[in-house]
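Only a predicted model underlies this, so the values are computations on that prediction, with no experimental measurement involved.
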Amino acid sequence: MASKVPSINFSEFINGDPETRLSVSKSIVEAFRTYGFVSLTNHPVPLSEVSEAFRWTKCFFDLPDDVKALVPHPPGFLHHRGYSHPGREKVSNLTRGEDAESSLSETREVPDIKESYEIGSDHYPEQPNIWIPQDVLPGFQEFMTKFYWTLAGFSDEIAKALALGIGLDDENYFKSFFTGHHNQLRLLHYPEVDASILEEGRGVRVSAHRDWGAYTLLFQDDCGGLEIESPTKPGEFLKVEPDEKACLVNIADLMARWSNDYLRSTSHRVGLPPLQDRYTSAGGKRTTRARYSIPYFITTTPESVIECLPPFTDETHPAKYPPIKQWEYSKSKASMQYS
Ligand SMILES: O=C(O)CCC(=O)C(=O)O
Ligand SMILES: [Fe+2]
């Protein structure tokens, strides 16, 4: 079933008068309350820069395996940077403990058929970047650094819309929590794969999970395959049509905790592309199209305490979650994904 994630013209927020900004902010928050996702059009990231990011992403993943192996994601989960080959990350483990039906051994057996490259701020010494050498891909590091900060600027605007939309007087309420240095830019490539592997559930592109930062920006190519959990029928997933001119934004766990679950951290996954686009059939072999996407995870400073925000709690609405430091929450989640 296809979903219509609400689409909102973000330029009306950027350029609008105070009344318009408030009304756009409220619509965004309403989408986050209902779907956990919103599609923002006319956002401030130049579309040429998004296309260039996809071009570089493809160049990176086109490198031979032994070259990508020069920048491996370190073992363990504490240092989340660099290249992960297909099967390295186990997103399916994130649902362990939430889904009594599926045992850990079962979930571990279904590999994510994707490769990824993680980039952060160059000013976050605890998580140094693992850059591909400049002579291997001249211009890559420079472009990705610029893109990282373009997205940080966009995400600051979204934080203002969130503050206004949830009824805080100060649109800069979140400013001190988000310095930009703790975000993460992820390049993703889902290679062509024998169609029967996905059809028969022997592998997935990304299994169902919730993001564990505050909120996420997601740029996707035109392949399709993203699915989000239905707001009305838990366990049922709705396909999201890709729109290369828009940026999808979704609420992640920390923002859900902050808002006492008023804003939804919605489970999502990546499955088969739509039927008409599903197969390339070189030599009679049925393979799915390759897919590229670029999520950007926005997270607070590690020491930020995430504690139920004033608009969401009073005597009759107790806070559901105890206060937690960002790094404590992230560590518990990362340990599942990269165990
Ligand atoms: O590739 C996508 O569209 C989604 C990726 C995703 O959900 C993630 O990396 O957390
Ligand atoms: Fe995700």
Check your understanding: Between K331 and E328, is there a salt bridge with N-O shorter than 4.0 Å?
Key -> no
**Study point:** Under-4.0 Å salt bridge between D222 and R289
**Key:** yes
Using the rule that Ile, Leu, Val, Met, Phe, Trp and Tyr join whenever any side-chain heavy atoms are under 4.5 Å apart, tell me whether [X] and [Y] fall into a single cluster.
| X | Y | value |
| --- | --- | --- |
| W327 | L78 | no |
| F297 | I251 | no |
| Y329 | V305 | no |
| V136 | F143 | yes |
| Y321 | I306 | no |

Partners of [X] by salt bridge (Lys or Arg N to Asp or Glu O under 4.0 Å), sequence neighbours excluded?
| X | result |
| --- | --- |
| K26 | none |
| K325 | E303 |
| E200 | R202 |
| R269 | E227 |

Study note, to complete from the structure: One should read off an interatomic distance between L188 CG and E115 CD, to the nearest 0.5 angstrom, of 9.5 Å
Check your understanding: How many angstroms lie between atom CZ of F140 and atom CD1 of I132, to the nearest 0.5 angstrom?
Key -> 7.5 Å
Using atom types as modelled and distance alone, determine if a side-chain donor or acceptor of [X] lies under 3.5 Å from a backbone N or O of [Y].
| X | Y | result |
| --- | --- | --- |
| T313 | L309 | no |
| N260 | C308 | no |
| N42 | N9 | no |
| N183 | T299 | yes |
| D314 | T316 | yes |

Practice item. Could you tell me which residues satisfy side chain to side chain donor-acceptor pair (under 3.5 Å) with T232, sequence neighbours excluded, listed by chain and number? Key: S230
Exercise for review: Go through the structure and list residues passing side chain to side chain donor-acceptor pair (under 3.5 Å) with T20, not counting sequence neighbours.
Suggested key: D17
Do the two ring centres, one from [X] and one from [Y], sit under 6.0 Å apart?
| X | Y | value |
| --- | --- | --- |
| F237 | H268 | no |
| Y117 | Y83 | no |
| Y296 | F219 | no |

Identify the two heavy atoms, one from [X] and one from [Y], that lie closest to each other, and give their separation to 0.1 Å.
| X | Y | result |
| --- | --- | --- |
| P274 | C223 | CD-O, 3.2 Å |
| I294 | T57 | CD1-OG1, 3.6 Å |
| A152 | S155 | O-OG, 2.8 Å |
| D211 | S265 | O-OG, 3.9 Å |
| F60 | L137 | CA-CD2, 3.9 Å |
| R205 | T288 | NH2-OG1, 3.1 Å |

Decide yes or no for [X] and [Y]: does some side-chain heavy atom of the first lie under 4.5 Å from some side-chain heavy atom of the second?
| X | Y | result |
| --- | --- | --- |
| P74 | I130 | yes |
| V204 | D112 | yes |
| R210 | E229 | yes |
| M144 | Y148 | no |
| L185 | E118 | no |
| Y215 | I158 | yes |
| T145 | D122 | yes |
| Q141 | Q134 | yes |

Point to revise | Candidates L254, L217, T216, D156 - the one meeting side chain to side chain contact (heavy atoms under 4.5 Å, CB included) with I298 | key: L217
Check your understanding: Given V5, which of L226, T34, I228 fulfils the side chain to side chain contact (heavy atoms under 4.5 Å, CB included) condition?
Key -> I228
Keeping to residues at least two apart or across chains, list the salt bridge (charged side-chain N to carboxylate O under 4.0 Å, His left out) pairs with something in [range].
| range | answer |
| --- | --- |
| residues 243-263 | D261-K320 |
| residues 27-48 | E30-R33 |
| residues 165-176 | R21-E171 |

Practice item. Kindly determine whether R291 and Q220 satisfy side chain to side chain contact (heavy atoms under 4.5 Å, CB included), including the steps that lead there. Key: CA-CA 8 Å; R291 177 173 187 270; Q220 349 169 30; 2.8 Å; yes
Check your understanding: Does a donor on one side chain sit under 3.5 Å from an acceptor on the other, for E49 and T150?
Key -> yes
Practice item. Please test S304 against T301 for side chain to side chain donor-acceptor pair (under 3.5 Å), starting from the C-alpha separation and ending with a verdict. Key: CA-CA 5 Å; S304 293; T301 59; 2.6 Å; yes
Practice item. Answer yes or no: does atom CD of E126 have more than 12 heavy-atom neighbours from other residues, nucleotides or ligands under 6.0 Å? Key: yes
**Study point:** Set of side-chain contact (heavy atoms from CB on, under 4.5 Å) partners for P310, sequence neighbours left out
**Key:** Y173
Review point. Can you name the residues that form a side-chain contact (heavy atoms from CB on, under 4.5 Å) with P128, not counting sequence neighbours?
Key: H79
Review point. Step by step, would you call I119 with N129 a side chain to side chain contact (heavy atoms under 4.5 Å, CB included)?
Key: CA-CA 6 Å; I119 299 166; N129 273 317; 3.9 Å; yes
Point to revise | Pair F177-W258, ring pair (Phe, Tyr, Trp, His ring centres under 6.0 Å): steps then yes or no | key: CA-CA 12 Å; F177 293 94; W258 235 336; 4.9 Å; yes
Review point. Applying ring pair (Phe, Tyr, Trp, His ring centres under 6.0 Å), which residue pairs with at least one partner in residues 181-207 are found, sequence neighbours left out?
Key: F61-H189, H123-H181, Y124-H182, W149-H181, H189-Y292
**Study point:** Evaluation steps, salt bridge (charged side-chain N to carboxylate O under 4.0 Å, His left out), between E241 and K4
**Key:** CA-CA 8 Å; E241 298 278 327; K4 197 72 199 124; over 6 Å; no
Practice item. Check the pair F10, F154 against ring pair (Phe, Tyr, Trp, His ring centres under 6.0 Å), reporting the backbone distance first and the verdict last. Key: CA-CA 10 Å; F10 200 62; F154 177 24; 5.7 Å; yes
